[in-house]
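What you see below is based on every heavy atom in this structure, not just the backbone, and it leaves out hydrogens, waters and symmetry mates.
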Amino acid sequence: MIRILAIAASALSLAACASLAPYGPQGGPGGQGYAEQRIESDRYRVTYNGVGAPGPVADLALLRAAELTLEQGYDWFEVTQRYVDGRPDSAGGFRPNVSVGYGSSSGRYGGYRHSGSGVGVGVGLNFSGPSPTSTVLEVRLGRGPMPDRGEAYDAREVRAAISGRG
């Protein structure tokens, strides 16, 4: 039992080595961070690359869209397209996953009767660590009254909500 715990602790330690980098611009091709591309005067494609669960990476893409909106002199942005690349379980490490199986058999061979049974228990571990995750947002920037649609965001509110978490 101690050996299993030691292996699990080692796996968690290795998984912790690869984590989401501090918020900032992308450090190079394939690196973590944000990048943006101007499509039209009021449209941008914002990409955030990271590792781990898709949720925090998507939040950082929204943060960059909010900052970009304010930098360009706009008040709000609307997400017109969204692409998330990453599995919900991509954070790595230990996730409880228990399976139990039971089997039995009996029969007769020659003049002898025999029977057998067995039980197995397994626990799932992810030794690969956190997986790369990215979010790509295509956003339209706007001034004045914000449209009353679910994908429209007040840039100041998004910046205050997400940048205050760290």
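Considering all non-hydrogen atoms of both residues, V46 and A61 come closest at CG1-O, 3.8 Å. Here the shortest heavy-atom pairing between T135 and P54 reads OG1-O, 4.5 Å. Nearest approach of A66 to A155, heavy atoms of both residues: CB-O, 3.4 Å.
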Applying side-chain contact (heavy atoms from CB on, under 4.5 Å) to Y83 and E138, what does each step give before you reach the verdict? CA-CA 9 Å; Y83 175 73; E138 190 169 308; over 6 Å; no
Using side-chain contact (heavy atoms from CB on, under 4.5 Å), reason through E151 and T80 one step at a time and then give a plain yes or no. CA-CA 7 Å; E151 289 293 321; T80 57; over 6 Å; no
Could you walk me through whether D75 and R156 pass the side-chain contact (heavy atoms from CB on, under 4.5 Å) test, one step at a time? CA-CA 7 Å; D75 303 316; R156 286 175 184 79; 3.7 Å; yes
Evaluate R159 against L63 for side-chain contact (heavy atoms from CB on, under 4.5 Å), listing each step before the verdict. CA-CA 6 Å; R159 183 178 62 185; L63 175 58; 4.1 Å; yes
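Expressed to the nearest 0.5 Å, how far CD of Q32 lies from CG of N49 amounts to 8.0 Å. Rounding to the nearest 0.5 angstrom, the gap separating the CZ atom in R64 from the OG1 atom in T69 is 9.0 Å. Of the inter-residue distances, the one linking T47 atom OG1 with Q37 atom CD reads 8.0 Å to the nearest 0.5 angstrom. Note that CD of E71 and CD of E36 are 7.0 Å apart. Values are rounded to the nearest 0.5 Å.
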Check: residues 141-149 side-chain donor-acceptor pairs under 3.5 Å, at least two apart:
| unit_1 | atom_1 | unit_2 | atom_2 | d |
| --- | --- | --- | --- | --- |
| R143 | NE | G73 | O | 3.1 |
| R149 | NE | E78 | OE2 | 2.7 |
| R149 | NH2 | E78 | OE1 | 3.0 |

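The hydrophobic cluster containing V79 also contains Y44, counting ILVMFWY residues as joined when their side-chain heavy atoms lie under 4.5 angstrom apart, directly or transitively. Under a hydrophobic-cluster definition in which Ile, Leu, Val, Met, Phe, Trp and Tyr are linked whenever side-chain heavy atoms come within less than 4.5 Å, directly or via other members, Y74 and L62 are assigned to the same cluster. By the criterion of side-chain heavy atoms lying less than 4.5 angstrom apart, applied directly or through intervening Ile, Leu, Val, Met, Phe, Trp or Tyr residues, V139 is grouped together with L60 in one hydrophobic cluster.
A donor-acceptor pair under 3.5 Å is absent between the side-chain atoms of T133 and the main chain of A53, judged by distance alone.
The ring-ring contact (aromatic ring centres under 6.0 Å, His included) analysis of residues 136-157, with sequence neighbours excluded, yields the pairs F77-Y153.
The aromatic rings of Y34 and Y48 sit tilted, their planes meeting at an angle between 30° and 60°.
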